[in-house]
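Reminder, nothing fancy here: chain letters follow the sequence lines and each chain counts from 1.
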Amino acid sequence: MTDRFAERLLEWYDKHGRHDLPWHQDRSPYRVWVSEIMLQQTQVTTVIPYFQAFMERFPTVQNLAEAPADDVLSHWSGLGYYARARNLQKAAVQVMEDHGGEFPDNQDKLEALPGIGRSTAAAIIAQAWDRRAAILDGNVKRVLARYHAVPGWPGQTTTLNALWAHAERHTPHTRARDYTQAIMDLGAMVCTRSRPACGECPLQGGCEARARNEVTLYPGSKPKKAKPEKATWMLILEDVEGRILLEQRPPSGIWGGLWSLPELDPAYGAEELEEACEQRFGLTCSQPDLITGFRHTFSHYHLHIQPARLQVAHSQVIREPGTHRWLHRDEALALGLPAPVRSLLTNPEQATLL
DNA sequence: TAATCGTGGCT
DNA sequence: TAGCCAAGATT
């Protein structure tokens with residue numbers, strides 16, 4: 001290193017960085033790990049309340065390893081990317097069984113745990129043990145792509161390799177913990193995606209994109225593709241006692257492992273729903289009431305959700321008994337539910353009959 | 001290599 | 001307001 005990248009960055013961090021986020025007090029490997037997983041593709045302000053509740057319910061890795069899977073998922077409900085929650089508990093079990101309850105403190109063994117990749121492993125090493133390890137999250141990618149005017153978008157291998165090389169080279173041998181926090185804070189607070197505050201940046205003197213007056217051209221943007229439109233029936237099956245039928249989704253795929261409302265193929269017409277419920281669940285239902293549908297946008301497609309409410313005479317489900325439950329509304333909301341299902345059940349007054 | 005996996009904030 | 005994107009990892 002011939003420039004003073006890390007030095008300038010740390011000086012800025014001491015004055016302007018974030019020093020008191022919830023996971024900054026008591027930086028045990030367990031707390032650092034949970035925070036890093038929650039923060040994957042998720043903004044800090046969203047994570048904070050989830051982190052607090054999660055730590056209160058699962059204070060140690062042993063508590064997490066021994067908890068019911070439903071309990072873990074319910075604490076993740078609304079946070080998204082639910083494979084993170086499933087992997088989190090798998091990893092907790094591995095830490096207990098393979099590492100005697102102590103987190104491994106090196107890159108390779110951390111990456112062997114499910115849900116921990118190269119950047120997250122490095123973040124844990126730097127934050128928990130204050131040892132040198134290069135991270136490369138969205139903030140660091142943006143800072144480095146601008147500072148070095150790295151062409152291309154980070155999805156390309158050559159671009160990604162270049163960014164990793166810069167990340168490794170800039171990471172200092174001292175104050176590794178502060179440095180990793182500092183470069184993320186810079187990306188989040190100064191070198192932002194839009195309207196970066198270059199005038200307040202400690203690295204403005206060496207920033208190649210700024211020298212070219214092309215800051216917002218970096219990093220390159222990912223090529224956009226049209227999102228396909230999909231549709232589904234979402235069934236609100238209600239028995240005479242006001243209980244609702246919940247169905248646990250398969251472990252992989254969208255909302256994997258979460259409890260949700262039963263769905264039917266959109267190829268069914270409204271007049272066929274009653275018969276379909278009979279076939280699928282062995283339930284005798286009333287004619288469906290259709291509720292105003294809505295469009296839910298995912299990263300890769302749009303999903304038109306068409307709710308239908310049916311009254312059920314006797315509440316028994318013959319098929320797949322382990323994956324269905326009749327629950328009252330408040331009991332259902334205590335489970336892990338997808339966000340649109342949660343809002344559908346939370347605001348029934350918003351549901352207009354068609 | 002490219003698709004998949006969620007939700008909420010921002011513009 | 002519709003699209004972009006965020007403390008990425010997995011398949």
Side-chain angles (χ1 to χ4, degrees), chain A residues 17-18 21-24 32-51 73 76-88 90-91 110-124 126-127 133-143 152-161 163-164 167 180-189 191-195 216 219-230 249-258 260 295-303 305 336-343:
Chain A
R18 295 175 291 191
L21 291 167
W23 39 92
H24 286 167
V32 169
W33 168 57
V34 171
S35 73
E36 291 296 336
I37 300 299
M38 283 190 173
L39 285 161
Q40 289 171 356
Q41 300 290 283
T42 310
Q43 297 190 351
V44 169
T45 55
T46 302
V47 165
I48 288 175
Y50 281 88
F51 179 79
L73 270 180
W76 213 271
S77 176
L79 199 52
Y81 283 143
Y82 299 96
R84 292 184 297 176
R86 298 194 302 272
N87 286 333
L88 200 67
K90 278 186 204 163
L110 281 170
E111 284 187 41
L113 295 172
I116 299 182
R118 180 175 176 180
S119 186
T120 298
I124 294 171
Q127 291 301 314
I135 63 166
L136 189 65
D137 70 343
N139 289 308
V140 182
K141 286 174 185 172
R142 190 168 53 254
V143 170
W153 66 285
Q156 294 173 303
T157 302
T158 55
T159 302
L160 198 57
N161 288 342
L163 291 172
W164 269 114
T180 58
Q181 187 63 47
I183 194 167
M184 285 191 291
D185 284 2
L186 189 79
M189 302 166 67
C191 195
T192 51
R193 183 166 62 89
S194 57
R195 302 172 186 262
T216 56
S221 58
K222 153 167 118 178
K224 48 187 167 186
K225 294 169 188 168
K227 292 178 182 175
E229 300 278 348
K230 301 185 179 182
R249 301 181 61 86
S252 64
I254 193 76
W255 300 326
L258 266 70
S260 183
R295 197 172 78 150
H296 189 77
T297 299
F298 293 106
S299 304
H300 290 80
Y301 60 95
H302 301 287
L303 179 66
I305 296 174
L337 293 177
V341 174
R342 172 173 298 275
S343 86

Problem set entry | Contact state string [nucleotides 5-11 of chain B, B base, S sugar-phosphate only, - no protein heavy atom under 4.0 Å] | BBBBS-S

Problem set entry | Residue pair A:T192 / A:R142, side-chain donor-acceptor N/O under 3.5 Å |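 Note: A:T192 and A:R142 side chains miss the donor-acceptor criterion.
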
For this session: Starting from P on B:dT4, measure out to NZ on A:K227 and report it in whole angstrom.
Result: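 Those two atoms, NZ and P, are 12 Å apart.
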
Exercise. In chain order, what residues pass the side chain to side chain donor-acceptor pair (under 3.5 Å) check against A:S77, with sequence neighbours excluded?
Worked result: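 Testing A:S77 for side chain to side chain donor-acceptor pair (under 3.5 Å), a comparison that skips the adjacent residues, returns A:R342.
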
For this session: Tell me, please, which residues at least two apart from A:N87 pass side chain to side chain donor-acceptor pair (under 3.5 Å).
Result: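 Applying side chain to side chain donor-acceptor pair (under 3.5 Å) to A:N87 gives none.
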
Partners meeting side-chain contact (heavy atoms from CB on, under 4.5 Å) with [X] (sequence neighbours left out):
{"X": "A:P340", "value": "A:W255, A:F294, A:H296, A:I305, A:P338"}
{"X": "A:T180", "value": "A:A126, A:Q127, A:I135"}
{"X": "A:H302", "value": "A:K227, A:E229, A:R295, A:T297"}

Problem set entry | Counterpart residues, ring-ring contact (aromatic ring centres under 6.0 Å, His included), relative to A:W23 (two or more places apart) |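 Only A:F51 meet the ring-ring contact (aromatic ring centres under 6.0 Å, His included) criterion with A:W23.
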
Exercise. Residues in ring-ring contact (aromatic ring centres under 6.0 Å, His included) with A:Y81, at least two apart?
Worked result: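 With neighbours one apart ignored, the set is empty.
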
Problem set entry | Bounds of contact between DNA chain C and chain A, in 5' to 3' order, using a heavy-atom cut-off under 4.0 Å |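 First-to-last contact on DNA chain C, by the 4.0 Å heavy-atom rule, is C:dC4 to C:dT10.
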
Problem set entry | Nearest-nucleotide 5' precedence on DNA chain C, A:L39 against A:E111 |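 Checking each residue's closest nucleotide, the 5'-ward one belongs to A:L39.
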
